[in-house]
Amino acid sequence: MGTPRTLFDKIWSAHAIVEREDGSTLLHVDRHLIHDVAGVIIGELAERGLPVRRPDRTFAVPDHYAPTTGRAGPDPLSASPHAGHIRALEAGARETGMTLFALDDIRQGIVHVIGPEQGITQPGTVLVCGDSHTATHGALGALAFGIGASEIAHVLATQALWQKKPRTMRVTIDGALAPGVQSKDVILALIGKIGAAGGTGHVIEYAGSLIRSLSVEARLTICNMSIEAGARAGMISPDETTFAYLEGRPFAPKGEHWEAALAHWRRLPTDEGARFDRELTLDASSIAPMVTWGTSPEAALPITGRVPDPAEVADRERRTDMVHALEYMGLTPGTRLDAIAIDRVFIGSCTNSRIEDLRAAARVVDGRRSVVPAMVVPGSGLVKAQAEAEGLDRIFRDAGFEWRDAGCSMCVGMNGDLVASGERCASTSNRNFVGRQGRGARTHLVSPTMAAAAAVTGRLTDVRRLLQGGA
Amino acid sequence: MEPFRTLSAVAAPLPSANVDTDQIIPARFLWKARRDGFADTLFSDLRSGRDGGTFVLDRPEFAHARILVAERNFGCGSSREHAVWALWDGGIRAVVAPSFGDIFYNNALKNGLLPVVLPPERVAALLEILSARPGSIVTIDLAAQTVTGPDGHADRFEIDPLRKECLLEGLDDIDLTLRYRDRMEAFEREHDRRHPWL
Ligand code: SF4
């Protein structure tokens, strides 16, 4: 056997077409996912006289501009100011022969939810999409990263991409999670620890006994927010959990191809003794339910904490940032985090809109009522249908939640689902930046159960208190 | 793509860290097409005068700024290329900072906008001079890889040679890659044969 290699190294070297002396590598792309923001690019490429090189490797779905209400009507886009983007994507995909999950297709949903759900995302592949949360797909053992608009055009035209080899970092998380703690808390705790630029220039592989014990859905949540830690991508070595998840999915290999793929996938995990440029560890049992108080995901603290005081920060630049963040968030230092009243709750986004997320939130909501406006936006039409088959929609509706159609929705507000200026929202999404959910909107990032707890109490709440005695 | 060679222009100081792409262009403007232009949406939420003051690019001394100098982690956050387009359409051709968000950095290069990494203490010094003497000129020479401040102090910066070549010649990425067409096709045939399930 040669030198031990990481999952990342194996995928990278199997996809390198050209390596220039300066370190730029032309990487072959196995899976290219595109969404409605990129719809116009297909047309722009055609204007330059360039064909789509591999429509059979390209998958299109509208999500960012997708309306989340009124979809059952005859023309769901009639009221949408952004209908043009969705139509451009759908028309471009049809003309070029890509696989399309159109707005009226039950398989439509957030691009990072449907890739794994359909079995399009597979171990050992290079997968790209014009969206930074493409890191999500790494949970299945793919090398998946976000690209910009000119790179989308480049991949459409060439099915390849120029990349500089990133550094590698392994985050080993051992131990078990305490009751009421979810994988969202794990990634928020990690970002809180290493900072929003802590992973810059690196691809993170998550390892350790906790990761091994997690479902694929929980792993997707962790990889999803790798980008919030500054990393280029997040990945997890594929294992039996991964294979069981993929088997039988529509785009997963079938029959003898399944056997061949499986044999290939089993050789992918990071070898014992492989070297990473950086190693970090985290103790799972020490993680509490987390919440962000500021305007960067690194502003994450256990719900048992208090709003921090800039006066206690020595670094001038950090202190100024903190003062601005607190001013924007309308918070006073020293306030208990669980005393912060909220105005609205959003359960959705590619971080936390899969069926397990909805089940976990519904368990907290069941038999209670939301005291603030709240909505659930399932990650795909299939997640929605599954939730309805399990009666989760009834639990949410009975508690006063809105039950919407699939899309990005209030994660980014591009379809018009916005948080009003000055409003405070407990959100299961991934970004709490200034203006992210709407101008002047104040976002607190939380797990699905913590969002549910916030809805039924009207303030940020330690979900463990609601779970005691109950479920 | 417009080539980038040397640039002598007014530099505007933006003494904030973590200026993310949502600040550079809020998501609600992303629906516009590239050709519509994004100049009017650049830093839209900051321009409303959050602190009661005037945003730096709205001050008359900086009306012709072509260079922006900011603190660490400029362009972090969402991968939207619109952030680069908004800066470009707003007249900015180079950003100097101690560090950048990865994706922003790459997007900038692909669009002819030069991101320059200088050590934090040099950025701090530049910020001080630019704030004390608003409207002063900074010169960036890409071929020589230098930034010269209003004080005459020149700093060298690093840039990937391939990127440098593309910027100097105004070559777009697709033009460059299609030079490798034969190798790409051969690779693909072999790759597809070995992974028939894809
Ligand atoms: S849900 Fe949010 S983070 Fe995910 S793809 Fe949509 S806009 Fe991006």
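To find a chain, count down the sequence lines: A is the first, B the second, and so on, and within it residues start at 1.
Proximity to chain B (any heavy atom under 4.5 Å) is shown, for A:Lys254, by neither the backbone nor the side chain. Using a 4.5 Å cut-off between heavy atoms, A:Ile17 touches chain B through backbone and side chain atoms alike. For A:Tyr65, the part sitting under 4.5 Å from any heavy atom of chain B is the side chain, from C-beta outward, and nothing else. Looking at A:Ala16, only its backbone comes within 4.5 Å of chain B, counting heavy atoms on both sides. Looking at A:Leu45, the atoms closer than 4.5 Å to chain B (heavy atoms on both sides) all sit in the side chain, from C-beta outward. Proximity to chain B (any heavy atom under 4.5 Å) is shown, for A:Val40, by neither the backbone nor the side chain. Contacts between A:Thr134 and chain B at a heavy-atom distance below 4.5 Å are absent for every atom of the residue. There is no contact between A:His133 and chain B, counting heavy-atom distances below 4.5 Å. When heavy atoms are compared at a cutoff of 4.5 Å, A:Ile147 approaches chain B solely by way of its backbone atoms N, CA, C and O. The contact between A:Thr158 and chain B is made by backbone and side chain atoms together, counting heavy-atom distances below 4.5 Å. Of the two parts of A:Arg436, the backbone and the side chain both hold a non-hydrogen atom closer than 4.5 Å to a non-hydrogen atom of chain B.
Under 4.0 Å is where a charged nitrogen must lie from a carboxylate oxygen, and between B:Glu188 and A:Arg57 no such pair does.
Between A:Trp265 and B:Trp197, the ring planes are perpendicular. Angles over 60° get that label, and only those under 30° would be called parallel.
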